[in-house]
*Asks:* 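Here it is: the structure, laid out below.
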Amino acid sequence: MLKQHLQFKLSQKLSPQQIQLMKLIQLPTQAFEQRLKQELEENPALESGKEQTKEEFDDVFEDTQDDFSDNEEINAEDINVDEYLSDDEIPDYRTRSKNYSSDDEEKNVPYAAGTSFTQHLKNQLNTFRLNDEERGIAEFLVGSVDESGYVRRTLSDIVDDLAFTQNIYTDETTVESVLKKVHQLDPAGVGARDLQECLSIQLHRKEKTKAIELAINIIDNAFEQFTKKHYKKLLQKFDIDEEQLKDAIHEIERLNPKPGGSYSGNNRIVEHVVPDFAIKIVDGELELTLNGRNAPELHISNEYSNMLKGYKASKDKTKSQKDAVLFIKQKLDAAKWFIEAIKQRQQTLFVTMSAIMHYQKDYFLTGDERNLKPMILKDIADEIDMDVSTVSRVANSKYVDTPYGTKLIKEFFSESMKNDQGEDVSTREIKKILETVIEKENKRKPYTDEALSKILKEKGYPIARRTVAKYREQLDIPVARLRKKI
């Protein structure tokens, strides 16, 4: 039997301009500066800096409107200077904040200089005596090294790839022989296939001492016991005392588990966090400022008024001239929207961060993370009457400079739970207490998750063992067995 259903669906689509505004809000300071630079390059109607007086521009624009009749392809109503230079707007189209200073230091995203990591390794191959086949294999292996410094692929896969992509037909024994030569390159440990091999390569390159020799023995012959911190088994296996084991472990801990990451010439962008906001305590009160680089001065290009003057002065209005004026109108539309979008972005950032600052006033006045109140995105969204997604865009990508260091804003958000008094407390507060308890534990006998759960209950936080384990993992703290020290 055929049935018909009538279904109504209410949906709302964002306009392209709304989407662009959301993207602008999400951008942190440095990325915003790049976006601003791009817009200035692409739209000649938009300029940075202070604007000239606009009265003459108004007159020219008003006169040009009369030159378009209603029956022509280009409508006079499409070009109205009042839409761009209205007294209702900021007179000089500036979006400059009060805290901006002209001597603010210009900062760009620095790039690491020098050759790439791969080229750095290839250059070292020139010091080896290799035949054509070995050099081809060595260069392929170097090209397979990932950014951490490892060759993560199996020898059999490498043999196949050499045949298909390099026309080098070889076997696993030959590839492994060449790989041993790659292991001699700097930084030490590069080209290893796993962590054990990486550490072993580095130890074998060191000057031999009793501690180094024991460390080599441990990594090469008891790696699993070492990673699981089965120290008693290591003491029995190598017939050593605790002091000798400590010395060997100390040598291992000094090694670099990611040799590729230590090379500065890998041409990756060096990230430098630029705070988007700053919070200061002035006379016992909190003061919020927005980084002045988020509030540039922008205005409509003076050249465009000159182009309109030329159009006004000409007696015969040609089709090409009218097309040019239409082009001007389109660029003015884009420039006007971008200027307005920057103002909205600036206001949104300030209002959102101001609400967060006042919500977490006790924390910002003291710096004590135990004073962080439970706060979710909806709390702030309701406070400022904005969408949760807008608050999320601000919180997830922005940093604030506080008297206690530069913080990612999303770190101030946390769920809540009730303590034994029935009061709401932040899960972040509980994590801080958990972290403190673990820091002060006896490392020879670290607390199990069950023991941590009991300690927190004694402190007034009834938390199950499973929840303790979840918080511990979120804090990137290993289980008790791996925290154990001798």
*Asks:* Can you name the salt bridge (charged side-chain N to carboxylate O under 4.0 Å, His left out) partners of Glu139, sequence neighbours left out?
*Replies:* none

*Asks:* Minimum heavy-atom separation for His183 to Val190, with atom names?
*Replies:*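 For His183 and Val190, the tightest heavy-atom pair comes out as CD2-O, 3.6 Å.
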
*Asks:* With sequence neighbours excluded, tell me which residues meet side-chain hydrogen bond (donor to acceptor under 3.5 Å, both in side chains) with Glu39.
*Replies:* Arg35

*Asks:* Answer whether the closest heavy-atom distance between the side chains of Thr366 and Asp362 falls below 4.5 Å.
*Replies:* no

*Asks:* With rounding to the nearest 0.5 Å, note down the distance linking CG in Asp276 to CG in Leu408.
*Replies:* 9.5 Å

*Asks:* Among pairs that include at least one residue of residues 376-387, which meet salt bridge (charged side-chain N to carboxylate O under 4.0 Å, His left out), considering only residues two or more places apart or in two chains?
*Replies:* Lys378-Asp382

*Asks:* Applying salt bridge (charged side-chain N to carboxylate O under 4.0 Å, His left out), name anything that partners Asp194, two or more places apart in sequence or on another chain.
*Replies:*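 Applying salt bridge (charged side-chain N to carboxylate O under 4.0 Å, His left out) to Asp194 gives none.
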
*Asks:* Could you tell me which non-hydrogen atom of Lys331 sits nearest to which non-hydrogen atom of Asn43, and how far apart they are?
*Replies:* O-ND2, 3.2 Å

*Asks:* To the nearest 0.5 Å, how far apart are CD1 in Ile477 and CD1 in Ile438?
*Replies:*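 The distance works out to 4.0 Å.
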
*Asks:* Going by the rule ring-ring contact (aromatic ring centres under 6.0 Å, His included), which residues pair with Tyr359 if we only count those two or more places apart in sequence or in a different chain?
*Replies:* none

*Asks:* Given Asn294, which of Arg345, Glu33, Gln346 fulfils the side-chain hydrogen bond (donor to acceptor under 3.5 Å, both in side chains) condition?
*Replies:* Arg345

*Asks:* Enter the distance from Lys432:NZ to Ile430:CD1 here, rounded to the nearest 0.5 Å.
*Replies:*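 Rounded to the nearest 0.5 Å, the NZ-CD1 separation comes to 14.5 Å.
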
*Asks:* Does Arg466 have any salt bridge (charged side-chain N to carboxylate O under 4.0 Å, His left out) partners at least two apart in sequence or in another chain, and if so, which?
*Replies:* none

*Asks:* Atom CZ of Arg135 and atom CZ of Phe128: how far apart are they, to the nearest 0.5 Å?
*Replies:* 10.0 Å

*Asks:* Taking all atoms of both residues into account, what is the closest heavy-atom pair of Met375 and Ile380, and its distance?
*Replies:* SD-CD1, 3.7 Å

*Asks:* What pairs with Glu41 under side-chain hydrogen bond (donor to acceptor under 3.5 Å, both in side chains), at least two apart in sequence or on another chain?
*Replies:*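 Per chain and number, Glu41 pairs via side-chain hydrogen bond (donor to acceptor under 3.5 Å, both in side chains) with no residue.
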
*Asks:* Are any non-hydrogen side-chain atoms of Ile342 and Leu36 less than 4.5 angstrom apart?
*Replies:*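 The answer is yes; the side chains approach within 4.5 Å.
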
*Asks:* Could I get the full list of ring-ring contact (aromatic ring centres under 6.0 Å, His included) partners for Phe277, not counting sequence neighbours?
*Replies:* none

*Asks:* To the nearest 0.5 Å, tell me how far Leu377 CG sits from Thr390 OG1.
*Replies:* 10.5 Å

*Asks:* Are Tyr150 and Val145 close enough that some pair of their side-chain heavy atoms sits under 4.5 Å apart?
*Replies:* no

*Asks:* Any chance you could measure Leu185, atom CG, to Ile201, atom CD1, to the nearest 0.5 Å?
*Replies:* 10.0 Å

*Asks:* Please list, chain by chain and in numerical order, all residues satisfying side-chain hydrogen bond (donor to acceptor under 3.5 Å, both in side chains) with Thr436, sequence neighbours excluded.
*Replies:*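 Expected list: none.
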
*Asks:* Does any pair with a residue in residues 394-404 pass side-chain hydrogen bond (donor to acceptor under 3.5 Å, both in side chains), and if so which ones, sequence neighbours excluded?
*Replies:* Ser392-Asn396

*Asks:* If you apply the rule side-chain contact (heavy atoms from CB on, under 4.5 Å), what do you find for Leu456 with Tyr471, and how did you get there?
*Replies:* CA-CA 12 Å; Leu456 287 172; Tyr471 289 169; over 6 Å; no

*Asks:* Report yes if the side chains of Val400 and Thr406 come closer than 4.5 Å at any heavy-atom pair, otherwise no.
*Replies:*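 A side-chain contact is absent here, since even the closest heavy-atom pair is not under 4.5 Å.
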
*Asks:* Which atoms form the tightest heavy-atom contact between Leu162 and Gly136, and what is the distance?
*Replies:*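 Nearest heavy atoms, Leu162 then Gly136: CD2-O, 4.5 Å.
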
*Asks:* For the residue pair Phe364 and Phe412, categorise the inter-ring angle as parallel (less than 30°), tilted (30 to 60°) or perpendicular (more than 60°).
*Replies:*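 Perpendicular.
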
*Asks:* Charged N to carboxylate O under 4.0 angstrom, Glu340 versus Lys343?
*Replies:*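 Answer for the salt bridge query: yes.
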
*Asks:* Heavy atoms only: give me the nearest Leu130-Ala138 pair and the separation to one decimal.
*Replies:* CD1-CB, 4.2 Å

*Asks:* Can you pull the salt bridge (charged side-chain N to carboxylate O under 4.0 Å, His left out) pairs that have at least one residue in residues 149-163, sequence neighbours excluded?
*Replies:* Asp146-Arg152, Arg153-Asp161

*Asks:* Using a 4.5 Å cut-off on heavy atoms from C-beta on, say whether the side chain of Asn256 contacts that of Leu199.
*Replies:* no

*Asks:* Contact between Phe338 and Leu24 at the side-chain level, heavy atoms closer than 4.5 Å - yes or no?
*Replies:* yes

*Asks:* Under the rule for salt bridge (charged side-chain N to carboxylate O under 4.0 Å, His left out), what residues qualify as partners of Glu197, not counting sequence neighbours?
*Replies:*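 Glu197: salt bridge (charged side-chain N to carboxylate O under 4.0 Å, His left out) contacts with Arg193.
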
*Asks:* Sub-3.5 Å donor-acceptor pair from the side chain of Thr127 to the main-chain atoms of Gln124, do we have one?
*Replies:* yes

*Asks:* Please walk me through it: do Arg293 and Val274 pass side-chain contact (heavy atoms from CB on, under 4.5 Å)?
*Replies:* CA-CA 10 Å; Arg293 291 156 64 179; Val274 174; 3.8 Å; yes

*Asks:* Could you walk me through whether Glu287 and Ile279 pass the side-chain contact (heavy atoms from CB on, under 4.5 Å) check?
*Replies:* CA-CA 6 Å; Glu287 183 180 278; Ile279 293 177; over 6 Å; no

*Asks:* Decide whether Gln38 and Gln34 meet the rule of one side-chain donor and one side-chain acceptor closer than 3.5 Å.
*Replies:* no

*Asks:* Using side-chain heavy atoms (C-beta onward) and a distance below 4.5 Å, is Val151 in contact with Val182?
*Replies:* no

*Asks:* Should Leu372 and Gln360 count as side-chain neighbours, where that means a heavy-atom distance under 4.5 Å?
*Replies:*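 When only atoms from C-beta onward are counted, Gln360 and Leu372 do touch, with a gap below 4.5 Å.
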
*Asks:* Does the pair Leu286 and Ile281 meet the rule for a side-chain contact (heavy atoms from CB on, under 4.5 Å), with working shown?
*Replies:* CA-CA 5 Å; Leu286 296 174; Ile281 302 173; 4.0 Å; yes

*Asks:* Determine the minimum heavy-atom distance between Leu21 and Ala341, stating which atoms define it.
*Replies:* CD1-O, 3.6 Å

